[in-house]
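Values below: every heavy atom of this structure, side chains too, minus hydrogens, waters and symmetry copies. Keep in mind the model is a prediction, meaning the values are calculated, not measured.
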Amino acid sequence: MAQAYFPVGPGLGMEENFLSLDDILMSQEKLPGRAESALPRLAVMLGQGAGSAESVPEGSKLEIPLWLAKGLHDSKRRIISVELPKIYKEAWRTVFSADANVVDLHKMGPYYYGFGSQLLNFENPENPEIAQSGSVLPVSDSVCLLQTFIARFRRIMDSSQNAYNEDTSALVARLDELERALFQVGQKGLNDFQCWEKGQASQITASSLVQNYGKRKLTEVDG
């Protein structure tokens, strides 16, 4: 009998987990950028030409997949420069500051939090507004990833707990993939509790997050 597939979670912060389907899909998201030097034989990959031997001229504006941008980015050699996507710029940070819940994150970027963390791999003057000291933390009065997450988290979990046996497609349509996963966790917890309350479950078990945390602590003690 084939073993069931267990999804692999995405990496944390600037680190990617290449066994995670979410991280693989996220790495395909594109960044606006510019060729700081000629890029030989990359014209077709970057949508700049038809011949496999064509080069991208210096100064060309580009839309670069995240995985390729990370491979080409080198602060010393200046191969490419990368710009912030518009949803992470100051104008959108102002919108998030006013009311983060009104934004359709899935439309603007299905991997808003993970992709935003990856932007810290590139030199950009607005990076301190997104995170400080290499981690996703709030700074001054601007809105960053963590603040946006906090502002939306309560509504997401409230919605997941108040939609028992209902069509939730409208509730999750505006959420990014991380938020959708949290919504599903909330729904599962509610469903498990309802089953236990009706006597349809033999016992309440610890969540997988708690179990995994316990395993890590035991490993640290043994080490």
Side-chain angles (χ1 to χ4, degrees), residues 10-16 22-37 39 42 45-48 56 58-156 172-182:
L12 298 175
M14 296 169 63
E15 299 298 324
E16 293 173 85
D22 283 328
D23 276 357
I24 292 172
L25 292 172
M26 179 192 66
S27 71
Q28 302 298 321
E29 294 287 309
K30 293 185 177 181
L31 286 165
R34 180 178 181 272
E36 299 295 340
S37 60
L39 304 176
L42 288 179
M45 181 177 292
L46 296 173
Q48 299 285 321
V56 177
E58 180 180 345
S60 299
K61 291 186 177 181
L62 305 170
E63 288 288 324
I64 318 169
L66 172 63
W67 64 268
L68 182 58
K70 289 177 69 174
L72 292 176
H73 182 259
D74 187 324
S75 58
K76 295 180 180 179
R77 296 179 61 191
R78 299 290 295 174
I79 300 173
I80 62 168
S81 58
V82 171
E83 300 174 11
L84 285 180
K86 64 179 182 180
I87 194 172
Y88 301 99
K89 291 186 176 181
E90 183 178 0
W92 274 101
R93 294 200 299 270
T94 302
V95 173
F96 283 119
S97 180
D99 187 356
N101 288 293
V102 304
V103 182
D104 186 342
L105 273 192
H106 202 268
K107 180 179 180 180
M108 298 302 295
Y111 298 97
Y112 171 76
Y113 300 106
F115 194 65
S117 297
Q118 290 296 312
L119 296 178
L120 303 178
N121 286 291
F122 307 100
E123 297 174 357
N124 190 290
E126 292 188 64
N127 271 358
E129 302 299 321
I130 299 174
Q132 186 178 33
S133 300
S135 59
V136 183
L137 295 172
V139 291
S140 66
D141 294 325
S142 60
V143 174
C144 70
L145 303 180
L146 180 58
Q147 289 173 302
T148 301
F149 179 79
I150 291 172
R152 291 167 63 95
F153 177 79
R154 181 169 182 174
R155 178 173 292 188
I156 292 168
V172 302
R174 299 167 63 86
L175 307 181
D176 102 312
E177 293 299 323
L178 173 61
E179 294 174 336
R180 289 184 176 189
L182 288 172

Discussion item. Using 0.5 Å steps for rounding, measure from the CG atom of Leu72 to the CD1 atom of Ile79.
Written reply: 6.0 Å
Worksheet entry | By ring pair (Phe, Tyr, Trp, His ring centres under 6.0 Å) - contacts of Tyr113 (at least two apart) | Phe149
Item to complete: Just grab all the salt bridge (charged side-chain N to carboxylate O under 4.0 Å, His left out) pairs involving residues 100-115, residues at least two apart or on different chains.
Response: none
Worksheet item: Does any non-hydrogen side-chain atom of Trp67 lie less than 4.5 Å from one of Ile24?
Response: no
Practice prompt. Report the distance from atom CD of Gln147 to atom CG of Leu145, rounding to the nearest 0.5 Å.
Written response: 9.5 Å
Item to complete: Ignoring hydrogens and angles, state whether a donor on the side chain of Glu58 or Ser37 is under 3.5 Å from an acceptor on the partner side chain.
Response: no
Item to complete: Quick one: list whatever passes ring pair (Phe, Tyr, Trp, His ring centres under 6.0 Å) with His106, sequence neighbours left out.
Response: none
Worksheet item: Hey, what's the ring geometry for Tyr88 with Phe115, parallel, tilted or perpendicular (30° and 60° as the breaks)?
Response: tilted
Worksheet item: Looking at CG of Leu84 and CD of Glu90, how far apart are the two atoms once the value is rounded to the nearest 0.5 Å?
Response: 11.5 Å
Worksheet item: When rounded to the nearest 0.5 angstrom, what distance separates CZ in Arg154 from CG in Asn101?
Response: 11.5 Å
Worksheet item: Can you name the nearest heavy-atom pair linking Leu39 to Leu62, along with the distance?
Response: CD1-CD1, 4.1 Å
Fill in: Candidate pair Met108 and Val103, rule side chain to side chain contact (heavy atoms under 4.5 Å, CB included), full reasoning
CA-CA 8 Å; Met108 298 302 295; Val103 182; 4.3 Å; yes
Item to complete: List the atom of Ala69, the atom of Leu31, and the distance in Å for their closest heavy-atom pair.
Response: CB-CD1, 4.1 Å
Discussion item. One pair to check against side chain to side chain contact (heavy atoms under 4.5 Å, CB included): Ile80 and Val82. What are the steps and the verdict?
Written reply: CA-CA 7 Å; Ile80 62 168; Val82 171; 4.0 Å; yes
Discussion item. Between Arg180 (side chain only) and Leu175 (backbone N and O only), is there a donor and an acceptor less than 3.5 Å apart?
Written reply: yes
Practice prompt. Please test Ile87 against Phe96 for side chain to side chain contact (heavy atoms under 4.5 Å, CB included), starting from the C-alpha separation and ending with a verdict.
Written response: CA-CA 10 Å; Ile87 194 172; Phe96 283 119; 4.1 Å; yes
Response to the item:
What one should report as the nearest heavy-atom pair of Met26 and Leu66 is O-CD2, 4.1 Å
Worksheet item: Which is it for Lys30 and Glu63 under the salt bridge (charged side-chain N to carboxylate O under 4.0 Å, His left out) test, yes or no, and what are the steps along the way?
Response: CA-CA 6 Å; Lys30 293 185 177 181; Glu63 288 288 324; over 6 Å; no
Worksheet item: About how many Å separate CD of Glu179 and CG of Leu105, when rounded to the nearest 0.5 Å?
Response: 5.0 Å
Fill in: Heavy-atom side-chain proximity of Pro32 to Pro85 below 4.5 angstrom
yes
Item to complete: To the nearest 0.5 angstrom, please state how far the CD atom of Gln28 sits from the OH atom of Tyr111.
Response: 10.0 Å
